[in-house]
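Have a look at the structure below, then the notes.
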Amino acid sequence: MKPDIMKKYLIFTLMCLLVSTIVSAKDVALSSPDGNLTVTVGVDAGRACYQVSRSGQVVINRSALGFVLKDGDFKDNFKMGKVTRRSFDETWSQPWGEDAEIRNHFNEMTVRLQEKGGAKRYLDVVFRAYDDGVAFRYEFPRQRGLHDFVIMDEATQFALPTDPQVWSIPALTAYYEGIYTREPLSQKGKMSGPLALEVNDSLYMAIMEANLTDYSTMNFAPSGTTLTVDLVPWKNGDKVRVGDTRVSPWRAIIIGRKAADILLSRLALNLNEPCQIKDTSWIKPTKYVGIWWALQKQNWTWSQGDRHGATTENTKRYIDFAARHGLGGVLVEGWNYGWDGDWTRYGDKFEFTRAYPDYDLKGLCNYARERGVRIIAHNETGGAAQNYENQLEDAYRLYESLGINTVKTGYVNSHFYNGELQHSQWGIQHFRKVIETAARYHLMIVNHEGAMPSGIQRTWPNLIATESMRGQEYNAFDRRGGNPPYHECILPFTRGLGGPMDFTPGIFEYRNDAVPGTRPQNTLAHQLAEYIVIYSPGHMAADLIENYEHQPAFKFIEEVPTNWERTLVPHAAMGKYITYARQERGTDDWYVGSVTDGEARDLQLSLDFLGEGRYQAIIYEDGPDADYRTNPYPMTIRRLDVDRSSVLNLHLAPGGGVAIQLLAE
Ligand code: NOJ
Ligand code: CA
């Protein structure tokens, strides 16, 4: 840069900083319990705004708050009303999760915004400052002029003071099944959250919503380096019809010094309501196999005919396999009427209580139960969500009576049948109705093509996993060869922040006859590491069962736990590599999973997190010559005596990984 341009640039930057850090005398401020994060709230010429800083450095510039309602603006004629404060500190426990106990420690400030003229309506904005981030939401107290009303736009902004690198998928990507890409914020189009931001070497952030309830989904429209909330509309253009639910979801900003801090934040869970299910003892997620990968690979069909997959005979083989290997569930897809013909076009033909003639629904449920296995019922709706709602009570009553304890739902269609978008307020209401109904019938839900998770599994822990991402299935049918090798290195930073991912790991056979060349773009050791790196309380062993026979690596899948006491992140760089270390719930054993993108990595892992005493390490690592491009299979399994003073040298091949059991002796 020429010196004079440099000078102008510096002056401009300084001016921006000055303008953005001006704090009016009338501003009110809220700090995190450790004092590092501060939210400042004020009203500038009638417009309410907030600003966030960390240790005095602005991380979100003054950014607008407010709404456009059907009957006019509700954003630029405010004065600040009363301000109330409270502090909260509680440790709560969850039936399943990445950590058994979670501390919910925050300072809170509620700011009333009062219209200066006209109808003199008001709304409250509740701010919370945590040590790992800040959040706010709107509350709409009942008052004259604000009973039932329609939000046409939310004016909330996130103004970034610099131009960070952002990982995101484009807004309205079908079912969120897109590839996350990294670009400067100023070059992004409309995006869906959660967004992962690399600001500088000591500042990483994520922006997302938490507790998405009876509202429409928050997307982001960038302009320069400012993001404006872009809500998914109803088909008539309304964004949110506010009735009995008088609060918006939380707008949350996770702030960390290291990339790993983002993965360890439990902000999304803390911003959700406590568990609504009194007795959670029946919620027991489990690993599962299924009549599934053979459908993705086009060996079998969902519909009736010669290659129908969900037959009594095939299902018995899967149940026997699950029982033999200690896996608790068998997913069966294509068991019920509705699949014949174009099922995405005629989704209202799906029947959720009537099985195909070659599938013995009752007999198989009994056969499974006698062997300690449960059938996971699949309910594909083809987007005919109303047809599903009409059958919900009958179907779930039947499943409970048969001993089915989990339902996998699916919504393959660009719209719901009534023309509403899947992520609109209608869609969010539908997905919640399914979860709440399932809870009444003691059913766990795995939701494919669902809402973007926002931590509601704290309130409804029967929602054990959601897809809402590009899962492993693309490694069967994608025409471009499969998911990129960095895919699992960015999912936990983005989609994973909202809740468990039904990614379906564990592909051992890379050959693909139906779509030659399409396969996992990573190694076998990487496939094992996914059981740790991608979080779900009930992972699938996704491959055909015959591909697991006589495979030493399958032992890791048999033994990897489904519930954790504590989670650590020893290494993490967004989109490049991640190592998780997780302690099994209720034992002293630890499990480590590490994955890399297309680059080979050498990582040192200190085992200082282990308990006292000696441990046996069983290490499943990339063998010599393993490379996702040329030979994904080589794997070495070695055993080692270690303790908490040990340091392991991990070598990950290009697209590789490592999975480690650390068993207390
Ligand atoms: C898409 C889902 O993600 C997949 O798991 C399922 O097999 C198909 N839809 C059919 O329902
Ligand atoms: Ca899907």
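The first residue in the sequence is number 1, and the count goes up from there. Numbering of ligands and ligand atoms starts at 1, following listing order. The figures that follow rest on heavy atoms only: side chains count, while hydrogens, waters and symmetry mates do not.
The N/O atoms of His448, backbone and side chain alike, include one that comes under 3.5 Å of an N/O atom in ligand 1. Distances between N or O atoms of Glu467 and those of ligand 1 include at least one value under 3.5 Å.
Relative to the six-membered ring of Tyr367, Arg369 misses at least one condition, a distance below 6.0 Å or an angle of at most 45° to the axis. Cation-pi geometry between Arg354 and Tyr337 is satisfied (NZ or CZ under 6.0 Å from the ring centre, within 45° of the ring normal).
For the residue pair Gln472 / Asn475, a side-chain donor-acceptor distance below 3.5 Å is found, with atom types taken as modelled. Side-chain contact of Thr504 with Asp502: a donor-acceptor pair under 3.5 Å is absent, judged by distance alone. Residues Tyr356 and Asp340 bring a donor and an acceptor atom of their side chains to less than 3.5 Å of each other.
The shortest contact between atom 9 (N) of ligand 1 and any protein heavy atom is with Val412 CG2, 3.4 Å. Protein heavy atom at the shortest distance from atom 11 (O) of ligand 1 is Glu380 OE1, 2.6 Å. Ranking the protein heavy atoms by distance from atom 6 (C) of ligand 1 puts Glu333 OE1, 3.4 Å first. Scanning all protein heavy atoms for the shortest distance to atom 5 (O) of ligand 1 gives Lys408 NZ, 2.7 Å. For atom 4 (C) of ligand 1, the closest non-hydrogen atom of the protein is Glu473 OE1, 3.3 Å. In terms of protein heavy-atom proximity, atom 1 (C) of ligand 1 is nearest to Glu449 OE2, 3.1 Å.
For Glu449, the N, O or S atom with the smallest separation from the Ca ion (ligand 2) is OE2. Within Glu467, the N/O/S atom positioned nearest the Ca ion (ligand 2) carries the name OE1. Its N, O or S atom nearest to the Ca ion (ligand 2) is what matters here, and for Glu473 that atom is OE2. The N, O or S atom of Glu177 lying closest to the Ca ion (ligand 2) is OE2.
Near His378, with a cut-off below 4.0 Å to any heavy atom, the atoms of ligand 1 are 11 (O). Against a heavy-atom cut-off of under 4.0 Å, Trp292 is close to the following atoms of ligand 1: 4 (C), 5 (O), 6 (C), 7 (O).
Checking each of Lys188, Lys190, Glu183 against Ser168 for a side chain to side chain donor-acceptor pair (under 3.5 Å) leaves exactly one that passes, namely Lys188. Residue Tyr411 forms a side chain to side chain donor-acceptor pair (under 3.5 Å) with just one option from Glu380, Glu467, His430, and that option is His430.
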Determine whether Arg317 and Asp320 satisfy the following criterion, salt bridge (charged side-chain N to carboxylate O under 4.0 Å, His left out), listing intermediate values before the conclusion. CA-CA 5 Å; Arg317 276 200 307 121; Asp320 291 342; over 6 Å; no
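The proximity of Trp339 to ligand 1, defined as any non-hydrogen pair under 4.0 Å, is limited to the side chain.
Using a 4.0 Å cut-off between a side-chain N of Lys or Arg and a carboxylate O of Asp or Glu, Glu509 and Arg519 do not qualify as a salt bridge.
Residue Tyr175 places every heavy atom at 4.0 Å or more from ligand 1.
Around atom CZ of Arg307, more than 12 heavy atoms belonging to other residues, nucleotides or ligands sit under 6.0 Å away.
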